Amino acid sequence: AQSVAQPEDQVNVAEGNPLTVKCTYSVSGNPYLFWYVQYPNRGLQFLLKYITGDNLVKGSYGFEAEFNKSQTSFHLKKPSALVSDSALYFCAFAAVKAAGNKLTFGGGTRVLVKP
Amino acid sequence: NAGVTQTPKFQVLKTGQSMTLQCAQDMNHEYMSWYRQDPGMGLRLIHYSVGAGITDQGEVPNGYNVSRSTTEDFPLRLLSAAPSQTSVYFCASSRQGARTDTQYFGPGTRLTVL
């Protein structure tokens with residue numbers, strides 16, 4: 001079955017340090033990959049997406065993600081983390097033949113940025 | 001624009017009760033979806049709609065019904081609530097399908113079934 005996996009339940013990082021949130025995918029064909037963020041007691045917000053083209057995708061709030069086909073990964077990165085980046089991050093994909101607007105999500109990674 | 005709105009924010013039901021979770025969007029989006037969020041499982045698609053009058057099942061449709069009589073509204077009905085339906089429910093909308101378009105999520109409804 002096609003899926004995305006987020007191997008870390010939680011990532012702890014000090015403010016000002018680089019932040020990486022990992023995502024690997026198992027999707028046939030060309031995957032459409034997304035990152036969403038959920039702040040406490042809020043709905044999900046779109047960060048960025050990869051459909052085709054440059055492997056490095058830039059998104060909102062200074063985040064970027066690198067699509068790596070050989071490693072089937074789509075890790076989310078930020079060069080310098082802020083306390084306000086503390087949230088729940090979800091990797092997701094839309095299959096090429098997905099009906100309607102189905103997104104399949106990973107289990108989520110909680111990010112805690114300490115001052 | 002209010003975006004995607006959901007009511008109620010919180011709800012407690014007893015097993016066997018029925019209720020409707022409301023979802024509305026004011027962005028004239030054709031695509032709307034309902035997801036449930038459970039710890040460690042991400043979001044799972046319950047039902048979706050690609051336009052008024054058109055709905056289809058997602059990954060976990062059992063125990064839920066939907067209808068789409070207008071572009072704006074997409075209510076989710078729990079016919080006979082069960083404790084397994086305790087979850088946080090999110091409604092989402094987009095102009096086009098998820099492959100190419102950003103989905104906008106509502107703030108969620110936290111449902112507890114006793």
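Quantities reported herein were computed from a predicted structural model and do not represent experimental measurements. In what follows, chains are A, B, ... by sequence order, proteins preceding strands, each numbered from 1.
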A quick test of your reading: do over 12 heavy atoms of other residues, nucleotides or ligands sit less than 6.0 Å from CE of B:M41? no
Going through the checks in order, is the side chain to side chain contact (heavy atoms under 4.5 Å, CB included) test met by A:F34 and B:Q103? CA-CA 10 Å; A:F34 304 80; B:Q103 292 206 45; over 6 Å; no
Part of B:Q37 lying under 4.5 Å from any heavy atom of chain A: side chain
Apply side chain to side chain contact (heavy atoms under 4.5 Å, CB included) to residues A:L103 and B:Y35 and explain how you reach the verdict. CA-CA 10 Å; A:L103 280 179; B:Y35 292 88; 3.5 Å; yes
Cluster link A:Y61 to A:W35, ILVMFWY, side chain under 4.5 Å: yes
Hey, could you give me the CZ/OH distance between A:F46 and B:Y104, rounded to the nearest 0.5 Å? 8.5 Å
Contacting moiety of A:I51, where chain B heavy atoms sit under 4.5 Å: side chain
Hey, could you give me the OG1/OH distance between B:T102 and A:Y36, rounded to the nearest 0.5 Å? 5.5 Å
Let me check something: do A:V21 and A:Y39 share a hydrophobic cluster, defined by ILVMFWY side-chain heavy atoms less than 4.5 Å apart, either directly or through other members? yes
Answer yes if A:L47 and B:V4 sit in the same cluster of Ile, Leu, Val, Met, Phe, Trp and Tyr residues linked by side chain heavy atoms under 4.5 Å apart, and no otherwise. no
Just so I understand: if I count every heavy-atom pair under 4.5 Å between each of A:Q38, A:R110, A:R42, A:Q45 and chain B, which residue has the most? A:Q38
Same cluster or not: are A:Y50 and A:L56 linked, directly or through other Ile, Leu, Val, Met, Phe, Trp or Tyr residues, by side-chain heavy atoms under 4.5 angstrom apart? no
A:L88 portion near chain B, given a 4.5 angstrom heavy-atom threshold: side chain
Hphob cluster co-occupancy, B:I46 + B:F74, side-chain heavy atoms under 4.5 angstrom: yes
